[in-house]
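For reference, the structure is listed below as structure tokens.
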Amino acid sequence: MNKNIQIAVVGSGYVGLVAAVCFAEMGHDVICVDNDERKVTALQGGDTLIHENYLPELLERYRNSKVRFMTDLAEATRECQAIFIAVGTPQSETGDADLSYVEAVACEIARSLTSYKVIVEKSTVPVYTNEWISRAMERNGVARHLFDVVSNPEFLREGTAVADFLHPDRIVVGADSDRAAAVLNAIYAPLTSGEYYKRSDAIPGACNVSEPPPLLLTSTKSAEIIKHASNAFLALKISFINAVSNLCEATSANVEQVARGMGLDSRIGPKFLRPGIGYGGSCFPKDVAAFRSVAEQLGIDFSLLTEVEKINAQQKRRFLSKVRSALWTLRGKRIGVLGLAFKGETDDIRESPAIELVQMLLAEGCLIAAFDPAAIKRTEQILPAGPSLKYVGDSYAAADDADALLILTDWSEFGALDLKRLNQALRYPIVVDGRNLYDPQIMAEHGFTYLSIGRPTANPVRELASVASMHS
Ligand code: UGA
């Protein structure tokens with residue numbers, strides 16, 4: 001088979017755009033299709049549209065050459081051997097995934113299909129979607145031997161999406177025909193053979209020539225379930241450690257020590273055991289709800305997932321109570337907020353627990369000065385600045401004259417602040433850290449009252465010393 005494959009990627013969101021430039025980086029020729037003309041023009045002009053490591057470099061390297069952007073899906077279908085569907089699957093009111101965009105793309109592909117194509121589900125979709133796509137193709141008059149539908153879920157994280165794509169833990173290909181499996185094997189060969197990692201200009205990451213990523217071949221339905229089950233399991237891990245953190249708070253234990261003790265067990269592993277203010281983003285909340293909904297429709301009791309969601313919602317309310325416990329009353333209090341994005345190193349604010357908390361604080365009558373290194377522009381669109389809310393240019397401006405500073409997003413720069421300067425900026429040296437970015441002992445030594453998640457509150461060392469001398 002020809003090593004260089006013609007690939008169409010439909011959708012230029014996080015998954016589609018990253019997949020498109022990474023396939024080009026792997027040597028393939030790519031057409032990235034989006035029906036939003038403005039987005040296509042912006043991408044052709046070199047605007048990445050999203051904040052993502054390595055994306056500007058790769059886009060610059062390949063745009064308008066190995067990656068062409070266009071709105072014409074019919075042309076892309078005719079030219080390409082494999083068509084990856086990476087359009088949105090938003091959450092509907094009932095919790096399940098809205099597949100109308102996927103269906104629309106399938107129908108449009110069907111109308112221009114004249115020779116054999118592999119249609120690949122890259123979007124996160126519920127089990128049985130491959131069958132629906134096949135049905136849609138056939139209803140639109142495509143003979144069954146002219147296409148196969150494959151599931152090739154993506155496990156990339158925002159912020160590290162490019163490196164995750166090129167250095168995956170595993171590549172999952174759900175294919176029910178050998179012909180389709182062979183096309184996907186060829187597409188990923190530069191990674192699975194280790195060839196890509198020999199290049200001196202390869203994007204760095206965990207894989208290398210001697211340890212290339214494995215490609216797991218499964219049935220289509222298994223691959224669809226692998227994606228939902230993986231995200232639901234990671235969300236469960238987070239809710240679990242958040243519940244444990246509450247137990248630690250009730251007993252004055254330290255959740256960081258507990259998580260470390262658990263994570264050293266190789267069966268559990270240390271990742272995704274960071275307690276916080278609950279998970280957010282465009283994937284976990286939506287995918288847990290969709291997986292729960294799939295189970296319900298199949299008559300399977302998976303109420304464990306309902307508990308995962310419940311703990312996640314509670315975690316935000318508990319954080320608000322923590323702020324209240326530090327400040328007594330909230331109305332009229334000046335609060336500095338660090339972080340608006342749903343996690344660090346991204347400008348994405350979808351389902352951000354930080355934004356939900358800002359909204360809760362505003363509803364309580366607080367006056368907020370918020371800073372985020374990348375997400376202010378997006379936040380302003382849904383929460384415009386006003387008398388109770390202002391956006392500021394750095395962390396110290398957020399802390400300026402505030403009654404307390406809250407850390408809501410785990411940006412690395414928030415964990416490396418000049419503590420002396422921060423203390424001087426605050427009206428009261430109170431920090432409530434929803435991401436456990438600091439060592440309580442160090443915060444106490446710098447004169448802060450420091451509340452974090454699942455760890456005892458730290459009080460200023462000097463204050464304690466003077467209290468002790470008063471009693472002696
Ligand atoms: C997640 C998965 O990690 C990816 O594997 C998957 O491909 C992606 O969803 C998707 O389905 O597209 P992402 O949403 O980018 O990726 O973000 P994560 O890094 O997984 O974080 C999700 C949320 O969990 C964030 O709010 C983060 O702050 C929170 N989190 C994560 C914790 O609270 N604790 C942790 O230990 C880890």
Side-chain angles (χ1 to χ4, degrees), residues 11 13-19 50-53 86-91 97 121-126 152-165 167-172 224 226-245 255-256 258-260 262-263 268-291 308-309 311-313 315-316 319 339-357 375 407-412 414 433-437 452-454:
Y14 278 93
V15 173
L17 183 57
V18 169
I50 51 171
H51 179 91
E52 195 61 59
N53 276 333
V87 295
T89 51
Q91 190 173 332
E121 304 166 350
K122 199 74 168 150
S123 311
T124 302
V125 291
N152 171 221
E154 196 42 68
F155 302 100
L156 50 84
R157 290 159 302 170
E158 286 183 23
T160 54
V162 169
D164 286 347
F165 194 100
H167 296 266
D169 287 346
R170 77 301 203 191
I171 297 159
V172 173
E224 289 169 332
I226 285 170
K227 173 66 194 186
H228 262 159
S230 299
N231 272 5
F233 191 79
L234 291 170
L236 175 143
K237 243 184 138 177
I238 298 169
S239 278
F240 191 90
I241 200 66
N242 279 335
V244 170
S245 78
V255 72
E256 299 295 335
V258 174
R260 189 158 158 71
M262 288 169 64
I268 298 173
K271 294 182 182 163
F272 279 70
L273 283 182
R274 274 182 289 114
I277 52 174
Y279 59 77
S282 65
C283 303
F284 286 174
K286 166 173 84 80
D287 292 350
V288 173
F291 202 34
V308 168
E309 292 174 317
I311 294 169
N312 200 50
Q315 202 63 10
K316 284 167 270 200
F319 188 80
L340 298 163
F342 82 98
K343 64 171 189 178
E345 325 303 322
T346 173
D347 61 348
D348 197 340
I349 56 162
R350 286 176 289 176
E351 300 286 326
S352 169
I355 304 252
E356 270 185 66
L357 274 162
I407 302 177
L408 302 184
T409 305
D410 52 349
W411 279 96
S412 47
F414 294 160
D433 182 356
R435 300 291 191 159
N436 286 2
L437 298 188
S452 54
I453 308 288

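Counting starts at 1 for both ligands and their atoms, following the listed order. The structure displayed is predicted, hence computed values, not measured ones.
Annotation: side chain of S452 is not in contact with side chain of R435 (no heavy-atom distance under 4.5 Å).
Side-chain atoms of K237 come within 3.5 Å of backbone N or O of K271 as a donor-acceptor pair. Formation of a donor-acceptor pair under 3.5 Å by the E52 side chain with backbone atoms of T346 is not found in this model. No side-chain donor-acceptor contact under 3.5 Å links D347 to the backbone of A341.
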K286 and T89: CA distance, side-chain angles, deciding distance, side chain to side chain contact (heavy atoms under 4.5 Å, CB included) verdict: CA-CA 9 Å; K286 166 173 84 80; T89 51; 3.2 Å; yes

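The residue from I241, I238, D287 that puts a heavy atom closest to atom 31 (C) of ligand 1 is I238. The heavy atom nearest to atom 28 (O) of ligand 1, out of those in E158, R435, R274, is found in R435. The heavy atom nearest to atom 20 (O) of ligand 1, out of those in Y14, F155, Y279, F272, is found in F272.
Contact annotation: for L273 versus ligand 1, heavy atoms closer than 4.0 Å belong to the backbone alone. Under 4.0 angstrom from ligand 1, the non-hydrogen atoms of L156 all belong to its backbone.
Ion pair D348/R350 flagged as a salt bridge, since at least one NZ, NE, NH1 or NH2 atom sits closer than 4.0 Å to an Asp/Glu carboxylate oxygen. Using a 4.0 Å cut-off between charged nitrogen and carboxylate oxygen, D410 and R274 count as a salt-bridge pair.
Given atom 1 (C) of ligand 1, the protein heavy atom at minimum distance is F284 CE2, 3.5 Å.
Note that OH of Y279 is 5.0 Å distant from OG of S239, once rounded to the nearest 0.5 Å.
For ligand 1, none of its N or O atoms has an N or O atom of G278 under 3.5 Å away. For ligand 1, one of its N or O atoms has an N or O atom of G280 under 3.5 Å away. Where the criterion is an N or O separation shorter than 3.5 Å, residue side chain and backbone included, K343 meets it with respect to ligand 1. Checked against a 3.5 angstrom limit, the closest N/O atoms of R157 and ligand 1 fall outside it.
Within the structure, ligand 1 lacks K237 among the residues with a heavy atom less than 4.0 angstrom away. Using a non-hydrogen distance threshold of 4.0 Å, C283 registers as a contact of ligand 1. Residue contact check for ligand 1: K227 places a non-hydrogen atom closer than 4.0 Å to it.
Between N436 and E256, the side chains place a donor N or O and an acceptor N or O closer than 3.5 Å (distance only, hydrogens not considered).
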